[in-house]
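For reference, the structure discussed in these notes is given below.
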Amino acid sequence: MVNYPFLTSAPGKVILFGEHSAVYNKPAIAAALSLRTYLLVSKNEDDPEGYIRLEFPDIGLSHQWMKSEMPWDLSTHEQGRPPAIEELNAELVNGLTPMLTTITSPLHYAAAYCFLYLFVSLCHGEVEHGLTFTVRSTLPIGAGLGSSASISVCLASAFAYIGGHIKAAGLERDSKIVKDSDECLFIDAWSYMGEKCIHGNPSGIDNAVATHGGAVMFQRMENAVPNVRTSMRNLPSINLLLTNTKTPRRTADLVSNVARIVNDFPKSTGCILESMEAIAREAYNLMLRPFFDEDSKARLMELMRINHGLLVSLGVSHPNLERVKLYCDELKMGETKLTGAGGGGCAITLLKDDVDAETYEKLFAKFEQNGFETFRTTLGGKGVGLLEDPAEALLQYMTPESFVNFNNTTEIETSIGCTAVESWKYW
Ligand SMILES: Nc1ncnc2c1ncn2[C@@H]1O[C@H](COP(=O)(O)OP(=O)(O)OP(=O)(O)O)[C@@H](O)[C@H]1O
Ligand SMILES: C[C@@](O)(CCO)CC(=O)[O-]
Ligand SMILES: [Mg+2]
């Protein structure tokens, strides 16, 4: 029995090594971020028609469908838990197309498509009334920090809960524990289908991190072999600067462009992907050394530089990402690489320990002139969570009317955290 309203929440991620090569079944290393997406599910009062409403103010999308419009008969759901299959269900994809014809922006289309695909697949027959789904994120959207995976995980977990496929979360877990409950595996598998709706051919690393939290080395497997997800506890304390160039891009475009290059130049790109694999494996060994010393850190920095260079060669950098790297290099801050799909979005800089305050000021002044934004965030936090009986203040905060297009993510994070930190539960 589901008690409305309730919230789900999932983190963004930062990929330290191995983006893009992860799509080609190479290992990659990523960690959950403290920046998160929140989904509020509430009953519509006075709604005899049974509308399903979306309020996604982060991307300016407000939309509704009648429940009776949903092509329920096309979901593969029979009895019991619906299995997530390797490929999207083509009949369902076709059946959803007429519901999306009025949505023209690609940003809106991807979010609405992911919503509908997961909703129809997981909530079959379980929704007797109108519902509103409100999403707000403290992550920058489309900037390489896994916003698509975090919304997919929020949706998949909420629908799995409404559909009766998973029970309510009950654990107050230590943030470092990487979870492997049945519920998490189900959410992970279905959020992967959501990621497929948003960007075509995901490796699954982003949704795995958004579901399970923590830090992992991840390797996609094929032909029904389970993906390898090796949790990395006790990450060394590395000082990372996260910089958002605010240059918009879509992961779907970047991944398909790399696919074209890999297809056109199989030999040359094969070597690049193999190098990326070697980098991720060496970085993994370095980061898990019992004594992460100066030498380990120096090597990790060099691996970052090499990994970035290889990503540049695959065509996924951007002049603004190169500007971030240039400014950091000029001031000898450390080593910089793009993170996530690239093409804009964010870069990470592994900072040296001895950088003084004056140098930081110079760097931030440069960033400001270019409109770049830096984030302070912690790595390796909790995965997907559920909040029942949310406090009134939080409900107010989630209403679209109270939406401000925020610049100050810290403030938002604190206001959500303060009202709800006591009662979030994890699967
Ligand atoms: N808070 C949100 N509200 C609505 N839609 C969202 C939200 N966050 C993400 N999305 C959907 O995800 C898309 C962005 O996903 P995309 O994969 O391109 O970028 P990303 O996930 O932020 O970066 P990366 O995949 O490189 O980590 C948006 O266009 C939108 O459709
Ligand atoms: C570019 C990519 O490797 C990471 C996006 O965060 C795509 C993926 O692995 O799904
Ligand atoms: Mg994404």
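Hydrogens, waters and symmetry mates play no part in the numbers below; they use all other heavy atoms, side chains included. Read the numbers this way: they start at 1 and go in the same order the structure lists the ligands and their atoms.
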Exercise for review: State whether the shortest distance between N or O atoms of His20 and N or O atoms of ligand 2 falls below 3.5 angstrom.
Suggested key: yes
Check your understanding: Backbone or side chain, does any N or O of Gly142 fall under 3.5 Å from an N or O of ligand 1?
Key -> yes
Review point. Quick check: does Thr251 get an N/O under 3.5 Å from an N/O on ligand 2?
Key: no
Review point. Counting from 1, what ligand 2 atoms have a heavy atom of Glu19 closer than 4.0 Å?
Key: 3 (O)
Review point. Between Thr132 and Asn44, do the side chains contain an N or O donor and an N or O acceptor separated by less than 3.5 Å?
Key: yes
Practice item. With atom 7 (C) of ligand 2 as the reference point, say which of Leu145, Val23, Val258, Leu338 has the nearest heavy atom. Key: Val23
Practice item. Return yes when Arg136 approaches ligand 1 closer than 4.0 angstrom through a heavy atom, no otherwise. Key: no
Practice item. Could you tell me whether some N/O pair between Lys13 and ligand 2 is separated by less than 3.5 angstrom? Key: yes
Check your understanding: How are the rings of Phe119 and Phe159 set relative to one another: parallel (under 30°), tilted (30 to 60°) or perpendicular (over 60°)?
Key -> perpendicular
Practice item. Decide if atom CZ of Phe265 counts as having more than 12 heavy atoms of other residues, nucleotides or ligands within a radius under 6.0 Å. Key: no
Study note, to complete from the structure: A student comparing Ile15, Ile59, Leu107 should find that the heavy atom closest to atom 29 (O) of ligand 1 comes from Leu107
**Study point:** Within the 6.0 Å centroid threshold, strictly below: Tyr284 and Phe17
**Key:** no
Revision key, fill the gap. Ranked by distance from atom 25 (O) of ligand 1, the top protein heavy atom is Thr251 OG1, 2.8 Å
**Study point:** Min heavy-atom dist Arg249 to ligand 1 below 4.0 Å
**Key:** yes
Review point. Is the closest N or O pair between Arg250 and ligand 1 shorter than 3.5 Å?
Key: no
Review point. Within the structure, does Asp206 bring an N/O atom to less than 3.5 angstrom of an N/O atom in ligand 2?
Key: yes
